[in-house]
Amino acid sequence: MKLDGIVAFVAVADTGSVNEAARRLRLSKSAVSERLTELERALGANLLQRNSRQLVLTEDGVAFLERAKRIVAEADEATNELARRRGEVAGPLRIAGPRGFGDLHLGPALYTFMERYPEVSVTAEFDDRIGDAASGYDAVIRIAPGAMPKLATQTLTISRRTLVAAPSYLAQFGRPRTVDDLAQHRAIHYMERNPDDWSFRSGTELLVARVAPRLRVTSCLAMRDAAIAGLGIASLPTFHSHEALKSGALEVIDVGVDPDVTPISIAYQNDVRPSAKLTALIEHLKRAFGNPPYWDDGAPEVR
């Protein structure tokens with residue numbers, strides 16, 4: 001029974017698909033299928049029920065899965081322990097994070113990390129839909145409050161979210177001064193959130209503004225560009241809007257509420273010690289982003 005067959009089985013069980021497992025493992029679909037077949041032959045048991053639409057774990061597959069996960073985790077930990085003993089920062093890292101933040105900030109930080117540690121190879125998936133699904137990754141970058149179950153979390157820096165609009169929009173429609181004023185304005189909304197609501201805190205009070213959408217999109221970068229074009233007001237993290245704020249293409253709108261501050265954190269499995277390469281990445285990202293982060297340097301003050 002070979003380890004690569006067990007790794008393939010765990011990947012297929014996690015993703016529910018040979019195609020997705022192949023993409024995760026950077027193998028061909030046929031290679032993953034062959035490893036599964038070889039594993040089942042070695043075990044003398046069928047682990048997966050295959051049909052044209054889906055893969056389902058058999059009773060034997062369910063029984064074997066948890067032990068298989070432990071075998072893979074222990075093999076990874078043994079490899080990491082040897083690297084720690086040698087003080088090596090080397091080997092593959094697989095991480096995930098939000099698309100917009102990845103494009104603008106995480107990606108550039110990874111490039112300098114890889115320049116510093118040339119023996120590290122990185123697979124980075126930037127996708128807002130990954131959310132809290134950490135399975136299959138060494139680490140997940142999150143922009144959300146609270147911890148993830150069964151995962152260790154370290155804060156890298158913070159994200160501030162503000163209301164912004166173009167000077168041309170404010171000249172045409174006026175500048176809202178209170179949360180109630182927002183109801184008379186046009187909004188650019190992010191579709192992954194409740195599309196027509198903005199929530200704010202004023203001390204201990206929660207205030208909600210329902211603002212009619214002029215545009216709904218699934219990209220914060222598209223929201224930023226639409227706001228610059230004067231289509232409406234957007235609620236954006238400053239890591240998206242900072243350049244436009246500094247250039248004057250966007251202005252911060254103060255409606256008398258507390259700023260929305262959310263931790264940007266990195267989460268990873270807490271049942272094993274972080275590898276030398278993951279520890280090095282965490283420290284690198286903390287230095288690269290700063291706290292307060294570099295994108296808030298010289299940013300307009302918000303109440």
Side-chain angles (χ1 to χ4, degrees), residues 98-101 104-105 128-129 131-132 142-147 155 157-265 289 291-303:
R99 178 176 294 279
F101 183 74
L104 292 178
H105 303 286
D128 293 336
R129 295 170 297 178
D132 289 350
R142 305 176 68 237
I143 307 174
T155 298
T157 188
I158 60 167
S159 168
R160 290 194 313 151
R161 180 178 293 273
T162 64
L163 295 176
V164 296
S168 60
Y169 174 88
L170 297 174
Q172 182 176 359
F173 297 100
R175 183 184 294 270
R177 302 291 180 182
T178 68
V179 171
D180 289 340
D181 290 345
L182 292 171
Q184 308 305 316
H185 284 264
R186 303 178 179 188
I188 301 164
H189 282 303
Y190 182 55
M191 289 176 62
E192 299 299 322
R193 294 174 174 237
N194 192 331
D196 298 334
D197 288 351
W198 285 330
S199 297
F200 308 94
R201 287 207 169 272
S202 180
T204 58
E205 186 179 5
L206 178 65
L207 305 175
V208 177
R210 180 163 287 257
V211 189
R214 179 80 192 283
L215 176 67
R216 293 188 181 108
V217 290
T218 58
S219 163
C220 285
L221 295 180
M223 289 176 62
R224 179 199 62 190
D225 293 344
I228 291 172
L231 293 184
I233 298 172
S235 175
L236 285 173
T238 54
F239 60 74
H240 283 316
S241 62
H242 67 294
E243 293 290 354
L245 292 172
K246 290 178 182 177
S247 70
L250 291 175
E251 296 181 15
V252 172
I253 298 172
D254 185 353
V255 291
V257 295
D258 300 327
D260 181 1
V261 178
T262 304
I264 300 177
S265 59
F289 298 150
N291 198 357
Y294 66 82
W295 52 81
D296 281 348
D297 184 28
E301 290 294 324
V302 185
R303 257 204 55 178

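For the single chain, residues carry numbers from 1 onward in sequence order.
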Parallel, tilted or perpendicular: which fits the ring planes of Phe101 and His105, with parallel below 30° and perpendicular above 60°?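 Phe101 vs His105 ring planes: tilted.
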
Over all atoms of both residues, closest heavy-atom pair of [X] and [Y]:
| X | Y | result |
| --- | --- | --- |
| Thr218 | Met191 | CG2-SD, 3.8 Å |
| Pro167 | Gly248 | CG-O, 3.4 Å |
| Leu104 | Phe239 | CD1-O, 3.7 Å |
| Pro145 | Arg142 | O-NH2, 4.0 Å |
| Asp258 | Gly203 | OD2-N, 2.9 Å |
| Ala166 | Ala227 | CB-O, 3.2 Å |

Rounded distance [0.5 Å steps], [atom1] in [X] versus [atom2] in [Y]:
| X | Y | atom1 | atom2 | answer |
| --- | --- | --- | --- | --- |
| Arg214 | Leu231 | CZ | CG | 5.5 Å |
| Trp198 | Tyr190 | CH2 | OH | 15.5 Å |
| Ile188 | Ser235 | CD1 | OG | 11.0 Å |
| Thr157 | Ile264 | OG1 | CD1 | 5.5 Å |
| Leu250 | Thr238 | CG | OG1 | 12.0 Å |
| Leu207 | Ser199 | CG | OG | 9.0 Å |

Side chain to side chain contact (heavy atoms under 4.5 Å, CB included) between Tyr169 and Ile253, intermediate numbers included: CA-CA 12 Å; Tyr169 174 88; Ile253 298 172; 5.9 Å; no

Verdict with reasoning, Trp295 to His240, per side chain to side chain contact (heavy atoms under 4.5 Å, CB included): CA-CA 9 Å; Trp295 52 81; His240 283 316; over 6 Å; no

Got a sec, which residues hit side chain to side chain donor-acceptor pair (under 3.5 Å) with Arg175, two or more places apart in sequence or on another chain?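 Once residues adjacent in sequence are excluded, the partners of Arg175 under the side chain to side chain donor-acceptor pair (under 3.5 Å) criterion are Glu251.
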
Are side-chain heavy atoms of Met223 and Leu236 found at a separation under 4.5 Å?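 SC-SC contact between Met223 and Leu236 confirmed.
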
Exam field: side chain [X] to backbone [Y], donor-acceptor pair closer than 3.5 Å:
| X | Y | answer |
| --- | --- | --- |
| His185 | Ile233 | no |
| Asn291 | Pro293 | no |
| Asp181 | Thr178 | yes |

Leu163: which of Val257, Asp260, Val255 passes side chain to side chain contact (heavy atoms under 4.5 Å, CB included): Val255

List the steps and the verdict of side chain to side chain contact (heavy atoms under 4.5 Å, CB included) for Leu221 and Arg99. CA-CA 9 Å; Leu221 295 180; Arg99 178 176 294 279; over 6 Å; no

Passes side chain to side chain contact (heavy atoms under 4.5 Å, CB included), His242 versus Asp296? Steps please. CA-CA 7 Å; His242 67 294; Asp296 281 348; 5.6 Å; no

